[in-house]
Amino acid sequence: MASEVNVLKKKKYSKKSKRNWRKQTDIKDVEEFLEEVRRDERTGGPAADKADGSLFFVDTIKLKTPDEDKSVTKRSRKRKLLKQDELLLPDTRIKPVGSKKPKVNKKKTKKGKDFDSESSDEEIPADKNRNQVKSKEKKEQKESRGYFDLWSTEDKLQGDEHYLKITRKTKIKAPKTVKRKVTELPAVEVAAPGASYNPTFEEHQELLQKAHEVEVKKNKRIEKLNRQLQWLSKEEASDLPTWEEEMGQGLFDEIKNDDDKAHDDDDDNDDDGVITIKSAQRKTRQQRRKEKEEMKQQLEQEAEKKLKLKENEVFRIKSLKKEIEAKEKEIKQKLQKKEELKEGELKKPKRLGRHGFEEAAVEIQLSDEITGNLRSIKPEGNLFADRFKSLQKRNLIEPRKPVLPHRKYAKKEYVKKSYDKPCVKEIAAEGK
(Lines give C-alpha, C1' and ligand atoms only; values in the text may rest on other atoms or scores of the structure.)
Protein backbone atom coordinates (compact mmCIF):
# COMPACT_ATOMS: atom_id res chain seq x y z
CA MET A 1 0.00 0.00 0.00
CA ALA A 2 2.84 2.37 0.80
CA SER A 3 4.30 1.94 -2.67
CA GLU A 4 0.90 2.79 -4.29
CA VAL A 5 0.63 6.00 -2.26
CA ASN A 6 4.09 7.05 -3.34
CA VAL A 7 3.19 6.54 -7.01
CA LEU A 8 0.09 8.75 -6.75
CA LYS A 9 2.00 11.64 -5.22
CA LYS A 10 3.15 14.35 -7.64
CA LYS A 11 6.80 15.14 -7.85
CA LYS A 12 7.79 18.52 -6.46
CA TYR A 13 10.12 20.65 -8.49
CA SER A 14 11.89 23.85 -7.50
CA LYS A 15 10.68 26.80 -9.58
CA LYS A 16 13.32 29.34 -8.69
CA SER A 17 14.49 29.98 -12.24
CA LYS A 18 12.57 30.75 -15.46
CA ARG A 19 13.91 27.57 -17.08
CA ASN A 20 12.27 25.39 -14.40
CA TRP A 21 9.01 27.33 -14.74
CA ARG A 22 8.96 26.66 -18.50
CA LYS A 23 10.03 23.03 -18.11
CA GLN A 24 7.81 21.90 -15.20
CA THR A 25 4.55 23.83 -15.78
CA ASP A 26 1.79 21.84 -17.45
CA ILE A 27 -0.13 23.86 -20.07
CA LYS A 28 -1.72 21.02 -22.00
CA ASP A 29 -5.27 22.06 -21.11
CA VAL A 30 -4.63 25.62 -22.35
CA GLU A 31 -3.12 24.37 -25.62
CA GLU A 32 -6.05 21.98 -26.20
CA PHE A 33 -8.52 24.80 -25.64
CA LEU A 34 -6.70 27.10 -28.07
CA GLU A 35 -6.55 24.30 -30.67
CA GLU A 36 -10.33 23.85 -30.37
CA VAL A 37 -10.85 27.59 -30.87
CA ARG A 38 -8.63 27.55 -34.00
CA ARG A 39 -10.44 24.51 -35.41
CA ASP A 40 -13.80 26.26 -34.89
CA GLU A 41 -12.48 29.35 -36.72
CA ARG A 42 -11.33 27.20 -39.66
CA THR A 43 -14.68 25.39 -39.91
CA GLY A 44 -16.82 28.54 -39.84
CA GLY A 45 -17.23 29.17 -36.12
CA PRO A 46 -18.38 26.95 -33.20
CA ALA A 47 -21.09 24.34 -33.84
CA ALA A 48 -23.41 26.03 -31.32
CA ASP A 49 -23.57 29.20 -33.44
CA LYS A 50 -24.14 27.40 -36.77
CA ALA A 51 -27.57 26.91 -38.28
CA ASP A 52 -29.20 23.48 -38.31
CA GLY A 53 -29.18 23.47 -42.13
CA SER A 54 -25.39 23.56 -42.25
CA LEU A 55 -25.01 20.70 -39.75
CA PHE A 56 -27.81 18.30 -40.82
CA PHE A 57 -29.42 17.37 -44.11
CA VAL A 58 -32.32 15.17 -45.28
CA ASP A 59 -31.38 12.40 -47.72
CA THR A 60 -34.19 11.64 -50.17
CA ILE A 61 -34.25 8.58 -52.45
CA LYS A 62 -34.92 9.36 -56.11
CA LEU A 63 -35.46 7.05 -59.08
CA LYS A 64 -32.56 7.55 -61.44
CA THR A 65 -32.36 7.11 -65.20
CA PRO A 66 -29.90 4.64 -66.76
CA ASP A 67 -27.69 7.61 -67.81
CA GLU A 68 -27.48 8.82 -64.26
CA ASP A 69 -26.70 5.29 -63.04
CA LYS A 70 -23.64 5.23 -65.29
CA SER A 71 -22.38 8.50 -63.74
CA VAL A 72 -22.97 7.06 -60.26
CA THR A 73 -20.90 3.99 -61.09
CA LYS A 74 -18.06 6.19 -62.30
CA ARG A 75 -18.16 8.36 -59.15
CA SER A 76 -18.52 5.40 -56.83
CA ARG A 77 -15.03 4.24 -57.78
CA LYS A 78 -13.64 7.28 -55.89
CA ARG A 79 -13.87 7.35 -52.08
CA LYS A 80 -16.87 9.39 -50.98
CA LEU A 81 -16.16 11.93 -48.24
CA LEU A 82 -18.01 11.42 -45.02
CA LYS A 83 -19.98 14.26 -43.40
CA GLN A 84 -17.64 14.46 -40.43
CA ASP A 85 -14.69 14.94 -42.83
CA GLU A 86 -16.60 17.57 -44.84
CA LEU A 87 -17.16 19.61 -41.68
CA LEU A 88 -13.41 19.68 -41.04
CA LEU A 89 -12.71 21.10 -44.51
CA PRO A 90 -12.16 24.89 -44.74
CA ASP A 91 -15.37 26.86 -45.28
CA THR A 92 -15.35 28.80 -48.57
CA ARG A 93 -17.55 31.50 -47.10
CA ILE A 94 -14.77 32.71 -44.80
CA LYS A 95 -12.59 35.29 -46.46
CA PRO A 96 -8.90 34.26 -46.16
CA VAL A 97 -6.36 36.89 -45.07
CA GLY A 98 -4.49 38.53 -47.98
CA SER A 99 -6.24 36.48 -50.65
CA LYS A 100 -6.60 37.72 -54.21
CA LYS A 101 -9.71 37.41 -56.33
CA PRO A 102 -9.43 34.47 -58.71
CA LYS A 103 -9.53 35.03 -62.45
CA VAL A 104 -12.92 34.51 -64.02
CA ASN A 105 -13.14 31.91 -66.76
CA LYS A 106 -15.15 33.59 -69.55
CA LYS A 107 -15.95 30.25 -71.22
CA LYS A 108 -17.62 28.94 -68.06
CA THR A 109 -19.61 32.14 -67.61
CA LYS A 110 -20.84 31.94 -71.22
CA LYS A 111 -21.98 28.34 -70.76
CA GLY A 112 -23.93 29.45 -67.68
CA LYS A 113 -21.95 27.51 -65.08
CA ASP A 114 -21.82 29.05 -61.61
CA PHE A 115 -18.50 30.16 -60.14
CA ASP A 116 -18.14 30.41 -56.39
CA SER A 117 -15.32 32.79 -55.54
CA GLU A 118 -13.51 32.41 -52.26
CA SER A 119 -13.34 36.15 -51.64
CA SER A 120 -17.05 37.07 -52.05
CA ASP A 121 -20.47 35.48 -52.83
CA GLU A 122 -21.19 37.89 -55.70
CA GLU A 123 -20.06 37.13 -59.30
CA ILE A 124 -17.38 39.41 -60.76
CA PRO A 125 -18.41 40.82 -64.15
CA ALA A 126 -16.07 39.84 -66.98
CA ASP A 127 -16.40 43.18 -68.88
CA LYS A 128 -15.00 45.37 -66.08
CA ASN A 129 -11.35 45.89 -65.57
CA ARG A 130 -9.58 44.37 -62.58
CA ASN A 131 -8.25 47.77 -61.40
CA GLN A 132 -11.77 49.20 -61.21
CA VAL A 133 -12.85 46.27 -59.03
CA LYS A 134 -9.91 46.88 -56.67
CA SER A 135 -10.68 50.60 -56.33
CA LYS A 136 -14.29 49.77 -55.46
CA GLU A 137 -13.18 47.30 -52.81
CA LYS A 138 -10.86 49.88 -51.24
CA LYS A 139 -13.67 52.44 -51.05
CA GLU A 140 -15.94 49.90 -49.37
CA GLN A 141 -13.21 49.03 -46.86
CA LYS A 142 -12.65 52.69 -45.99
CA GLU A 143 -16.36 53.22 -45.43
CA SER A 144 -16.62 50.10 -43.26
CA ARG A 145 -13.55 51.04 -41.16
CA GLY A 146 -15.15 54.08 -39.54
CA TYR A 147 -12.18 56.32 -38.77
CA PHE A 148 -12.12 57.97 -35.32
CA ASP A 149 -9.75 60.06 -33.25
CA LEU A 150 -7.72 57.82 -30.94
CA TRP A 151 -6.95 60.64 -28.45
CA SER A 152 -10.45 62.14 -28.32
CA THR A 153 -12.09 62.42 -24.89
CA GLU A 154 -15.43 61.13 -26.15
CA ASP A 155 -16.26 57.56 -25.11
CA LYS A 156 -16.99 55.46 -28.25
CA LEU A 157 -18.19 51.89 -27.89
CA GLN A 158 -16.55 50.12 -30.82
CA GLY A 159 -15.07 46.65 -30.88
CA ASP A 160 -15.13 43.63 -28.65
CA GLU A 161 -16.32 43.97 -25.02
CA HIS A 162 -13.15 42.41 -23.60
CA TYR A 163 -10.97 44.71 -25.75
CA LEU A 164 -12.94 47.80 -24.71
CA LYS A 165 -12.85 46.82 -21.05
CA ILE A 166 -9.03 46.86 -21.06
CA THR A 167 -8.20 49.62 -23.56
CA ARG A 168 -11.04 52.10 -23.12
CA LYS A 169 -10.42 55.03 -20.80
CA THR A 170 -13.34 55.08 -18.39
CA LYS A 171 -14.37 58.32 -16.71
CA ILE A 172 -13.31 58.55 -13.08
CA LYS A 173 -16.24 58.88 -10.73
CA ALA A 174 -15.97 62.15 -8.86
CA PRO A 175 -16.65 61.98 -5.10
CA LYS A 176 -19.76 63.57 -3.63
CA THR A 177 -17.69 66.20 -1.80
CA VAL A 178 -16.46 67.79 -5.05
CA LYS A 179 -19.52 69.97 -5.50
CA ARG A 180 -19.96 70.64 -1.80
CA LYS A 181 -20.15 74.32 -0.84
CA VAL A 182 -17.31 75.42 1.42
CA THR A 183 -18.58 78.95 1.99
CA GLU A 184 -21.18 81.43 0.79
CA LEU A 185 -19.03 84.48 1.42
CA PRO A 186 -18.10 86.56 -1.63
CA ALA A 187 -14.53 86.52 -2.91
CA VAL A 188 -14.31 90.32 -2.78
CA GLU A 189 -16.28 92.09 -0.07
CA VAL A 190 -17.46 95.62 -0.77
CA ALA A 191 -16.06 98.16 1.70
CA ALA A 192 -18.38 100.06 4.03
CA PRO A 193 -19.70 103.39 2.67
CA GLY A 194 -17.95 105.21 5.55
CA ALA A 195 -14.57 104.20 4.08
CA SER A 196 -15.12 106.37 0.99
CA TYR A 197 -12.79 109.30 0.20
CA ASN A 198 -15.75 111.68 0.65
CA PRO A 199 -18.33 109.95 2.94
CA THR A 200 -21.37 111.49 4.61
CA PHE A 201 -21.17 112.39 8.30
CA GLU A 202 -23.58 109.62 9.44
CA GLU A 203 -21.85 106.85 7.47
CA HIS A 204 -18.43 107.93 8.73
CA GLN A 205 -19.66 107.96 12.34
CA GLU A 206 -21.10 104.43 11.98
CA LEU A 207 -17.75 103.12 10.79
CA LEU A 208 -15.99 104.93 13.64
CA GLN A 209 -18.38 103.25 16.11
CA LYS A 210 -17.54 99.81 14.69
CA ALA A 211 -13.80 100.48 15.02
CA HIS A 212 -14.34 101.75 18.58
CA GLU A 213 -16.21 98.54 19.59
CA VAL A 214 -13.39 96.38 18.23
CA GLU A 215 -10.80 98.32 20.26
CA VAL A 216 -12.94 98.13 23.43
CA LYS A 217 -13.14 94.31 23.12
CA LYS A 218 -9.36 94.10 22.74
CA ASN A 219 -8.78 96.23 25.84
CA LYS A 220 -11.23 94.13 27.90
CA ARG A 221 -9.43 90.93 26.89
CA ILE A 222 -6.04 92.42 27.89
CA GLU A 223 -7.40 93.62 31.27
CA LYS A 224 -8.83 90.17 31.99
CA LEU A 225 -5.48 88.53 31.32
CA ASN A 226 -3.71 91.08 33.55
CA ARG A 227 -6.15 90.37 36.39
CA GLN A 228 -5.62 86.63 36.08
CA LEU A 229 -1.82 86.98 35.96
CA GLN A 230 -1.57 89.73 38.61
CA TRP A 231 1.44 89.47 40.98
CA LEU A 232 0.83 89.28 44.75
CA SER A 233 1.88 92.11 47.03
CA LYS A 234 4.47 91.64 49.84
CA GLU A 235 1.78 91.46 52.55
CA GLU A 236 -0.23 88.84 50.62
CA ALA A 237 2.89 86.77 49.92
CA SER A 238 3.88 86.81 53.64
CA ASP A 239 0.47 85.43 54.66
CA LEU A 240 0.80 82.42 52.34
CA PRO A 241 1.88 79.10 53.98
CA THR A 242 5.41 77.79 53.50
CA TRP A 243 6.18 74.82 51.24
CA GLU A 244 6.69 72.46 54.24
CA GLU A 245 3.40 73.50 55.87
CA GLU A 246 1.50 73.15 52.61
CA MET A 247 2.92 69.71 51.74
CA GLY A 248 2.57 68.34 55.31
CA GLN A 249 -0.93 69.60 55.86
CA GLY A 250 -3.14 66.98 57.55
CA LEU A 251 -0.42 64.36 58.06
CA PHE A 252 0.26 64.88 61.81
CA ASP A 253 -3.44 65.25 62.71
CA GLU A 254 -4.23 61.81 61.27
CA ILE A 255 -1.39 60.21 63.27
CA LYS A 256 -2.71 61.76 66.52
CA ASN A 257 -6.28 60.58 65.84
CA ASP A 258 -5.06 57.02 65.18
CA ASP A 259 -3.14 56.99 68.48
CA ASP A 260 -6.20 58.22 70.43
CA LYS A 261 -8.43 55.52 68.90
CA ALA A 262 -5.90 52.82 69.75
CA HIS A 263 -5.78 53.98 73.40
CA ASP A 264 -9.57 53.95 73.65
CA ASP A 265 -9.78 50.40 72.31
CA ASP A 266 -7.17 49.19 74.79
CA ASP A 267 -9.09 50.75 77.70
CA ASP A 268 -12.34 49.03 76.65
CA ASN A 269 -10.67 45.63 76.41
CA ASP A 270 -8.96 46.05 79.82
CA ASP A 271 -12.25 46.84 81.56
CA ASP A 272 -14.19 43.78 80.32
CA GLY A 273 -11.34 41.35 80.02
CA VAL A 274 -13.23 39.39 77.31
CA ILE A 275 -13.88 40.40 73.68
CA THR A 276 -17.64 40.25 72.98
CA ILE A 277 -18.80 38.93 69.58
CA LYS A 278 -22.31 39.77 68.40
CA SER A 279 -24.29 36.74 67.26
CA ALA A 280 -25.81 36.96 63.76
CA GLN A 281 -29.64 36.99 63.82
CA ARG A 282 -30.77 34.21 61.48
CA LYS A 283 -34.23 34.16 59.91
CA THR A 284 -36.62 31.33 60.63
CA ARG A 285 -38.30 29.20 57.95
CA GLN A 286 -41.64 30.89 58.61
CA GLN A 287 -40.13 34.34 57.99
CA ARG A 288 -38.52 33.21 54.74
CA ARG A 289 -41.78 31.63 53.50
CA LYS A 290 -43.68 34.84 54.22
CA GLU A 291 -41.08 36.91 52.35
CA LYS A 292 -41.41 34.64 49.30
CA GLU A 293 -45.22 34.94 49.36
CA GLU A 294 -44.99 38.75 49.59
CA MET A 295 -42.56 38.83 46.61
CA LYS A 296 -44.96 36.71 44.54
CA GLN A 297 -47.88 38.99 45.41
CA GLN A 298 -45.86 42.07 44.37
CA LEU A 299 -44.92 40.51 41.04
CA GLU A 300 -48.53 39.51 40.35
CA GLN A 301 -49.76 43.03 41.17
CA GLU A 302 -47.17 44.58 38.85
CA ALA A 303 -48.18 42.21 36.01
CA GLU A 304 -51.88 43.08 36.52
CA LYS A 305 -51.06 46.79 36.39
CA LYS A 306 -49.20 46.35 33.10
CA LEU A 307 -52.12 44.42 31.58
CA LYS A 308 -54.59 47.10 32.64
CA LEU A 309 -52.41 49.82 31.15
CA LYS A 310 -52.21 47.92 27.85
CA GLU A 311 -55.98 47.41 27.79
CA ASN A 312 -56.59 51.10 28.55
CA GLU A 313 -54.27 52.19 25.71
CA VAL A 314 -57.07 51.34 23.27
CA PHE A 315 -59.09 54.22 24.70
CA ARG A 316 -56.03 56.53 24.45
CA ILE A 317 -55.92 56.60 20.65
CA LYS A 318 -56.68 60.33 20.43
CA SER A 319 -54.06 61.25 23.01
CA LEU A 320 -51.50 58.96 21.29
CA LYS A 321 -52.15 60.68 17.95
CA LYS A 322 -51.57 64.04 19.58
CA GLU A 323 -48.31 62.81 21.11
CA ILE A 324 -47.13 61.47 17.72
CA GLU A 325 -47.97 64.78 16.02
CA ALA A 326 -46.12 66.70 18.73
CA LYS A 327 -43.04 64.47 18.27
CA GLU A 328 -43.13 64.95 14.51
CA LYS A 329 -43.30 68.73 14.99
CA GLU A 330 -40.30 68.59 17.32
CA ILE A 331 -38.33 66.54 14.77
CA LYS A 332 -39.20 69.04 12.00
CA GLN A 333 -38.16 71.96 14.18
CA LYS A 334 -34.85 70.26 15.00
CA LEU A 335 -34.19 69.63 11.32
CA GLN A 336 -34.97 73.25 10.48
CA LYS A 337 -32.59 74.41 13.22
CA LYS A 338 -29.86 72.12 11.85
CA GLU A 339 -30.32 73.51 8.34
CA GLU A 340 -30.22 77.07 9.68
CA LEU A 341 -27.03 76.29 11.60
CA LYS A 342 -25.47 74.79 8.47
CA GLU A 343 -26.38 77.89 6.47
CA GLY A 344 -24.98 80.07 9.24
CA GLU A 345 -21.72 78.06 9.30
CA LEU A 346 -21.27 78.66 5.58
CA LYS A 347 -21.17 82.39 6.30
CA LYS A 348 -18.56 82.03 9.06
CA PRO A 349 -14.89 80.93 9.01
CA LYS A 350 -14.21 77.43 10.38
CA ARG A 351 -11.46 76.24 12.69
CA LEU A 352 -9.10 74.54 10.22
CA GLY A 353 -5.81 74.63 12.07
CA ARG A 354 -4.04 75.52 15.29
CA HIS A 355 -4.91 79.21 15.22
CA GLY A 356 -8.37 80.73 14.99
CA PHE A 357 -9.35 83.28 12.39
CA GLU A 358 -8.85 86.91 13.41
CA GLU A 359 -10.64 89.67 11.57
CA ALA A 360 -8.47 92.27 9.91
CA ALA A 361 -8.32 95.73 11.42
CA VAL A 362 -11.01 98.17 10.27
CA GLU A 363 -9.58 100.43 7.60
CA ILE A 364 -10.73 103.94 8.50
CA GLN A 365 -9.58 107.52 8.24
CA LEU A 366 -10.20 109.97 11.05
CA SER A 367 -12.24 113.08 10.47
CA ASP A 368 -9.00 115.18 10.33
CA GLU A 369 -7.51 112.91 7.63
CA ILE A 370 -10.44 113.09 5.19
CA THR A 371 -9.41 115.30 2.24
CA GLY A 372 -12.47 115.03 0.00
CA ASN A 373 -10.57 114.30 -3.24
CA LEU A 374 -8.79 111.23 -4.67
CA ARG A 375 -5.57 113.09 -5.48
CA SER A 376 -4.56 113.79 -1.87
CA ILE A 377 -6.12 110.67 -0.25
CA LYS A 378 -4.01 108.70 2.22
CA PRO A 379 -3.84 104.95 1.34
CA GLU A 380 -5.05 102.53 4.02
CA GLY A 381 -4.41 98.77 4.36
CA ASN A 382 -2.59 96.32 2.08
CA LEU A 383 -4.03 94.51 -0.94
CA PHE A 384 -1.91 91.39 -0.42
CA ALA A 385 -2.92 91.07 3.24
CA ASP A 386 -6.56 91.68 2.26
CA ARG A 387 -6.48 88.79 -0.28
CA PHE A 388 -4.75 86.51 2.24
CA LYS A 389 -7.38 87.23 4.90
CA SER A 390 -10.14 86.64 2.35
CA LEU A 391 -8.78 83.15 1.59
CA GLN A 392 -8.70 82.35 5.32
CA LYS A 393 -12.22 83.67 5.85
CA ARG A 394 -13.58 81.54 2.97
CA ASN A 395 -12.03 78.34 4.48
CA LEU A 396 -9.67 77.85 1.54
CA ILE A 397 -6.49 77.99 3.66
CA GLU A 398 -5.93 77.67 7.41
CA PRO A 399 -5.18 80.79 9.51
CA ARG A 400 -1.44 81.23 10.08
CA LYS A 401 0.94 83.35 12.11
CA PRO A 402 4.51 84.33 11.15
CA VAL A 403 7.14 82.11 12.80
CA LEU A 404 9.89 84.29 14.25
CA PRO A 405 13.51 83.13 13.99
CA HIS A 406 14.52 81.25 17.15
CA ARG A 407 17.25 78.92 18.41
CA LYS A 408 16.45 75.30 19.14
CA TYR A 409 19.32 74.98 21.66
CA ALA A 410 20.92 77.56 23.93
CA LYS A 411 24.03 79.30 22.63
CA LYS A 412 27.23 78.03 24.22
CA GLU A 413 30.17 80.33 24.95
CA TYR A 414 33.78 79.16 25.29
CA VAL A 415 36.76 81.11 26.72
CA LYS A 416 40.02 80.62 24.82
CA LYS A 417 43.28 79.97 26.64
CA SER A 418 44.82 83.06 25.09
CA TYR A 419 42.06 85.32 26.48
CA ASP A 420 44.00 86.66 29.49
CA LYS A 421 47.45 86.57 27.81
CA PRO A 422 48.79 89.78 26.21
CA CYS A 423 48.89 90.02 22.43
CA VAL A 424 51.95 90.59 20.23
CA LYS A 425 51.42 94.36 20.00
CA GLU A 426 51.24 94.73 23.80
CA ILE A 427 54.45 92.73 24.24
CA ALA A 428 56.19 94.90 21.63
CA ALA A 429 54.97 98.07 23.36
CA GLU A 430 56.25 96.86 26.73
CA GLY A 431 59.68 96.06 25.19
CA LYS A 432 60.05 99.62 23.94
Side-chain angles (χ1 to χ4, degrees), residues 175-177 180 220-221 223-233 235-356 395:
K176 294 177 182 178
T177 54
R180 187 178 64 185
K220 281 182 180 179
R221 203 182 301 141
E223 286 173 5
K224 188 180 177 181
L225 286 169
N226 290 332
R227 281 199 304 274
Q228 289 171 348
L229 302 170
Q230 193 173 7
W231 291 100
L232 296 170
S233 61
E235 294 174 357
E236 288 173 348
S238 62
D239 295 337
L240 290 172
T242 60
W243 184 84
E244 291 177 356
E245 289 174 356
E246 193 172 351
M247 298 305 290
Q249 196 171 10
L251 292 172
F252 302 107
D253 295 336
E254 287 176 3
I255 293 162
K256 285 178 184 177
N257 292 330
D258 292 338
D259 293 336
D260 295 336
K261 284 179 183 178
H263 286 303
D264 294 336
D265 292 336
D266 293 335
D267 294 337
D268 294 336
N269 291 331
D270 292 337
D271 293 338
D272 297 335
V274 181
I275 297 165
T276 58
I277 300 167
K278 292 180 180 181
S279 60
Q281 293 179 356
R282 293 183 179 180
K283 291 179 182 178
T284 59
R285 288 182 181 178
Q286 190 178 3
Q287 286 175 346
R288 287 174 184 168
R289 181 170 52 75
K290 283 181 180 178
E291 281 182 0
K292 283 181 181 178
E293 287 174 358
E294 286 175 359
M295 285 288 289
K296 280 183 180 179
Q297 283 178 359
Q298 284 180 1
L299 291 169
E300 285 173 1
Q301 285 173 3
E302 286 175 0
E304 284 176 2
K305 279 182 181 179
K306 286 178 180 178
L307 280 169
K308 283 179 181 178
L309 288 168
K310 282 182 179 179
E311 288 171 357
N312 289 329
E313 278 180 358
V314 178
F315 305 106
R316 287 183 65 245
I317 290 167
K318 289 182 180 179
S319 60
L320 287 168
K321 280 183 179 179
K322 286 179 181 178
E323 287 175 7
I324 290 162
E325 286 175 0
K327 281 183 180 179
E328 285 178 352
K329 281 182 181 178
E330 283 180 8
I331 291 162
K332 283 180 181 178
Q333 286 174 359
K334 284 180 181 178
L335 288 170
Q336 284 177 358
K337 282 182 181 179
K338 276 187 178 180
E339 287 175 0
E340 287 173 4
L341 285 168
K342 280 183 181 179
E343 288 175 0
E345 285 174 0
L346 290 171
K347 293 177 182 177
K348 293 177 183 177
K350 292 181 182 178
R351 182 97 180 187
L352 299 177
R354 186 178 174 185
H355 306 290
N395 304 321

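The list of side chain to side chain donor-acceptor pair (under 3.5 Å) pairs with a residue in residues 295-312, not counting sequence neighbours, is empty. Pairs engaging residues 330-355 under the side chain to side chain donor-acceptor pair (under 3.5 Å) rule: none recorded [sequence neighbours left out].
Applying the side chain to side chain donor-acceptor pair (under 3.5 Å) rule to E291 yields the partners K283; only residues at least two apart in sequence or on another chain are considered. Shown here are the side chain to side chain contact (heavy atoms under 4.5 Å, CB included) partners of R227, two or more places apart in sequence or in another chain: E223, K224.
More than 12 heavy atoms of other residues, nucleotides or ligands shown are found within 6.0 angstrom of CD on Q228.
Salt bridge annotation for E293-R289: present, with a cationic side-chain nitrogen under 4.0 angstrom from a carboxylate oxygen.
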Donor-acceptor contacts, no H, no angles, side chain residues 235-243, under 3.5 Å, sequence neighbours left out:
from, atom 1, to, atom 2, distance (Å)
E236, OE1, S233, N, 3.4
S238, OG, K234, O, 3.4
S238, OG, E235, O, 2.6
T242, OG1, E245, N, 3.4

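Applying the side-chain contact (heavy atoms from CB on, under 4.5 Å) test between S319 and each of K322, K321, R316 identifies R316 as the sole match.
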